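Below: the structure, in structure tokens.
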Amino acid sequence: MYIRVSEIPGGGLDLFASRGKASIPRLLEGMDPAPLRGLRLVDADLLLTVEGGDIWIEGSFEAQGEGFCDRCSDPVTLRLGKAFQTFLTPKSRDRAAAGSVELHEEDLDVGYYDGTGVETNDILWEQVALELPLKVVCSEACRGVCPVCGKNRNLEECSCVAGEAKGPFEILKNLKGKKE
Ligand SMILES: [Zn+2]
Ligand SMILES: [Zn+2]
């Protein structure tokens, strides 16, 4: 949803409170949530305030993602979410002016906008993308699939463990043994 600075009232604009929450589940459509297979926003909040041409955005989101475990291939459902603050200053403004704003708060992202308005979907997506996992695992303790017999080691012990332990040193030892 594109919001012009001129549309933001003095008391701020609570985007989803004023425009309705019906659009939220579709906001991430078309975005690539890799390494997840799918990602849907469950809830979101965005409060936009303008102060001297700068836009302050306070928001939060909750999303549900689906993917497959990188180790055992089981389907994984996970929840992402966080609260964030973003500060946008017009691109044209010189750095000195922007630098005079005191920015101490953690979790505050500072960016630029064209001075006219902001695409709020992009703002949300930026925050969601930061929360995407690097790898999908069903659990940190997942033992994965045995590379030898293909059994899911979370469900079943297999006897291939010794074979898998064959590291470079063992191979070297075997080579030496043949030479002697
Ligand atoms: Zn797994
Ligand atoms: Zn095995």
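Numbers here are sequence positions counted from 1. Because the structure is a prediction, the values reported are computed rather than measured. Start at 1 and go down the list; that is how both ligands and their atoms are numbered.
- Annotation: angle subtended at the Zn ion (ligand 2) by Cys158 SG and Cys149 SG is 110°, to 10°.
- Between Glu62 and Arg40, no side-chain nitrogen of the basic residue sits less than 4.0 Å from a carboxylate oxygen of the acidic one, so the salt-bridge criterion is not met.
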Query raised in the report: Stepwise, does the side chain to side chain contact (heavy atoms under 4.5 Å, CB included) test hold for Ser23 with Met1?
Result: CA-CA 10 Å; Ser23 64; Met1 215 178 302; 4.0 Å; yes
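- Around the Zn ion (ligand 1), protein N, O or S atoms at less than 2.8 Å comprise Cys69 SG, Cys72 SG, Cys138 SG, Cys142 SG.
- Looking only at distances, no side-chain donor or acceptor of Arg143 sits under 3.5 Å from a matching main-chain atom of Asn154.
- For the side-chain contact (heavy atoms from CB on, under 4.5 Å) test with Pro90, the passing option among Asp54, Thr116, Asp114 is Asp54; the others fail.
- Partner of Leu124 under the side-chain contact (heavy atoms from CB on, under 4.5 Å) criterion, chosen from Ile57, Leu15, Ile24, Leu41: Leu41.
- The existence of a salt bridge linking Lys135 and Asp70 is confirmed by a sub-4.0 Å separation between a basic side-chain nitrogen and an acidic carboxylate oxygen.
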